[in-house]
Structures are given as structure tokens and as C-alpha cells.
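The structure appears below as C-alpha cells.
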Amino acid sequence: MTEHSAPTTDGTEPLDQVGAATEAFVAHRNLLFTVAYEMLGSATDAEDVLQETWLRWVTVDPGSVREARAYLVRIVTRKALDRLRVLGRRRESYVGPWLPEPLLTAPDVAEDVELAESVSMAMLLVLETLAPVERAVFVLREVFGLDYEEIAQAVDKSPAAVRQTAYRARAHVAARRPRATVSPTETRAVLQAFERAVQTGDLQRLLDLLAPDVVALSDGGGVKHALPRPVVGAGKVARLLASGWYGRGVRRSVEPVQVNGGPGLLVRVDGEIDGVLAVHMDDGRVAGLYHVRNPEKLSRVGQETTVSR
């Protein structure tokens, strides 16, 4: 052991060890955040999990770590699983429909089709229907490409059990997976037309743009007015949008943004951010609308959040 790496007398870690741990953590931070977010559907809780992961990481003996990325993913997965079980109980008492916490993402996220789909509001809602371990296995295998042995260590299961879990989770998601979206160019054109129709309350244009089985959901968290249940069908959703959604006489503006790797609108009322509308498109039409108004879920929509694989 070199002199500068000797243990400190007060029980704290030597500076070079903390520095190396910090460097490794920062190098993989965006990946770790994305893993935690896809498992939890909450950026706030994902950040808490990252903090817990860091506190655990700095206590690890560097000599016991063969590959920092795999070890960190293992820690963050275990911490996220613990948090997911708590969140499941908390969401049972959530007031009104629950939607994931929206993220404003950079345009280049949409270019990574698999990543964009995995963080989309539609996919996160599908992942909510999985059991915690199934969700972890699906995310780590299908999105991040970890092998079964690595996943087994992260979820404390045998590789054989992980293979079975991955098979079940894959079949479950496949039966509910959102249909393929349209090309970026077509997406922009449809979103622009949709934005104008919403702004002007053009009922016929909305009917033309909405898929027949379009679904609209909203989340106010019991604080802001929201739809008490999903609204399904082009006619019902078009009338909802044409009515002004917030009612007549409200000074509302919408701004096109990238939400969770896909198209969306940032909604302002009287100049203040009031909500985020994530838009899912299929075959050139709007097939899903996910409207988040809960103020506790809007803290990150003032700037882009980096997600990565």
C-alpha cells in the first residue's frame, strides 16, 4: 500500500479512493438514473435512489469490484426495488389516476428508438403492470442488455429463475406494448397540426388527427383538476380538447417539447407552467394523451434531463 492511500486515522476513506469512486459514479450517473427512473416512473425517487447508491458505493472496497458499471447497476437495482415496494403501497392511496413523472428530454433521445420507447409514458404505464422483480429483470435485460448472470446478482435470483422471469415479463409487455410510432418528420407535422387544433378548438380537425381508440389520461394528484378516469374514443377526446380542457376564459398557451423521448406540449396558464402533455402517435394519428398537472411532478420540466443506456 502506498503512503498516500493509507487509511485515515478518523475512519474515513482515503482521498484517492473517494476520488476514484466519485469518478466512476459520475461516469455512469446518467445510466444509473435511467435504470432507476424506468423502474420507478419517478425522477424524484430515482434521484433519491442515486443518493442511496452513492452512499453505499463509497463504502465498497475497490479491490472487490471487477467492473464498476456492473457493480453500480447492481446497487441501484436493489435500492430501486426497495423503493418500488414502498411506492406500490403509496400509490394505492394516490388521489385520482397516477401517471409517471414527465421528463423533458433532448431531441437526440428520439433517435435511439429503443431508449425512447423504454422511457415513454406509454411504456412506463405498461411497466407499472409488472411485479417489482419482473420490472427490474425486463428493464435490465431488454433495455440495457445485461446478461442473465449480471441480472441474477442484481435481483438475488438464480440465472435460471431470471430467464423464466424475463420470459414472462417479455410476454406480458409484448401483449400490452404501445404500437410503433411514426417517423420524426411525420411526428412533427402531426404535432404542429394537433397544437393548432387544440389552440383554436377546431373540433373537426381534432377528429381527423385522433386515432379512433385514442385514450386521454390526466394526473392532478388531488391538487389540480384532472380527469377522474380515462377518456376513450376520438369523439369524446376531441370534444374534451375543443372545450378548452381547462374551461373557457383561461389564458392558455402550449409549446412543443420532447417529453420522455417523444412529442409533447408544455402547457402554460396565465404564463405559468401548468402541465405537460405527452403525445403518443401511431400510424400518423394521436393514439394517447398523458396529461400531468400534479405540481409535485413538474419540478424537472424547466430543463432537459439526460437519459442514456
Side-chain angles (χ1 to χ4, degrees), residues 25 28-60 70-103 118-144 146 150-158 161-162 165-166 168-169 172-173 176 217-224 226 228 260 276 278 290 292-301 305 307:
F25 186 84
H28 299 295
R29 190 187 189 286
N30 292 336
L31 164 71
L32 299 175
F33 172 83
T34 308
V35 171
Y37 176 71
E38 292 197 17
M39 286 184 60
L40 301 171
S42 165
T44 302
D45 287 294
E47 290 289 0
D48 289 344
V49 163
L50 256 64
Q51 179 64 22
E52 294 169 6
T53 299
W54 163 250
L55 294 175
R56 174 71 182 89
W57 172 241
V58 293
T59 68
V60 173
Y71 202 102
L72 282 164
V73 168
R74 187 190 314 171
I75 297 174
V76 82
T77 299
R78 291 176 176 175
K79 297 294 184 182
L81 277 171
D82 291 341
R83 182 62 62 98
L84 189 58
R85 295 181 179 105
V86 174
L87 290 177
R89 293 190 293 271
R90 192 186 305 168
R91 286 171 190 169
E92 290 176 358
S93 59
Y94 193 81
V95 179
W98 180 91
L99 286 174
E101 183 177 350
L103 303 177
S118 71
V119 298
S120 70
M121 299 288 272
M123 178 57 80
L124 290 175
L125 285 175
V126 173
L127 295 181
E128 281 291 310
T129 64
L130 292 170
V133 172
E134 288 179 331
R135 184 168 184 169
V137 169
F138 181 86
V139 167
L140 295 178
R141 179 64 181 173
E142 300 300 318
V143 181
F144 297 97
L146 271 65
E150 288 180 294
I151 300 172
Q153 292 180 340
V155 299
D156 290 325
K157 302 286 184 182
S158 70
V162 167
T165 301
R168 290 196 306 270
H172 180 95
V173 171
R176 298 162 177 80
L217 302 127
S218 63
D219 177 346
V223 179
K224 291 291 190 73
N260 288 62
V276 172
Y290 309 98
V292 179
R293 295 192 72 203
N294 184 349
E296 293 184 359
K297 297 184 178 183
L298 299 176
S299 61
R300 299 178 70 95
V301 298
T305 297
V307 294

Do the charged groups of [X] and [Y] touch, with an N to O distance under 4.0 Å?
X	Y	result
R74	E150	no
E47	R300	yes
K297	D219	yes
E52	R83	yes

Using the ring of Y94 (Phe, Tyr or Trp, six-membered ring only), decide whether R91 places NZ or CZ under 6.0 Å from its centre and within 45 degrees of its axis.
-> no
Using side-chain heavy atoms (C-beta onward) and a distance below 4.5 Å, is [X] in contact with [Y]?
X	Y	result
R141	L146	no
K224	P295	yes
L32	V35	no
L87	W98	no
V86	D45	no
M123	V126	yes
E101	L298	no
V276	Y290	no

How many angstroms lie between NZ in K79 and CD in Q51, if you round to the nearest 0.5 Å?
->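 Going from NZ on K79 over to CD on Q51, the span is 11.0 Å.
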What's the spacing between L103 CG and S120 OG if we round to 0.5 Å?
-> 11.5 Å
Between [Y] and [X], is there a side-chain donor-acceptor contact under 3.5 Å, judged purely by atom types and distance?
X	Y	answer
H172	R176	yes
S118	E38	yes
S93	R90	no

Where the side chain of N260 meets the backbone of P102, is there a donor-acceptor pair that is under 3.5 Å apart?
-> no
For the ring pair W57 and F25, is the centre-to-centre distance below 6.0 Å?
-> no
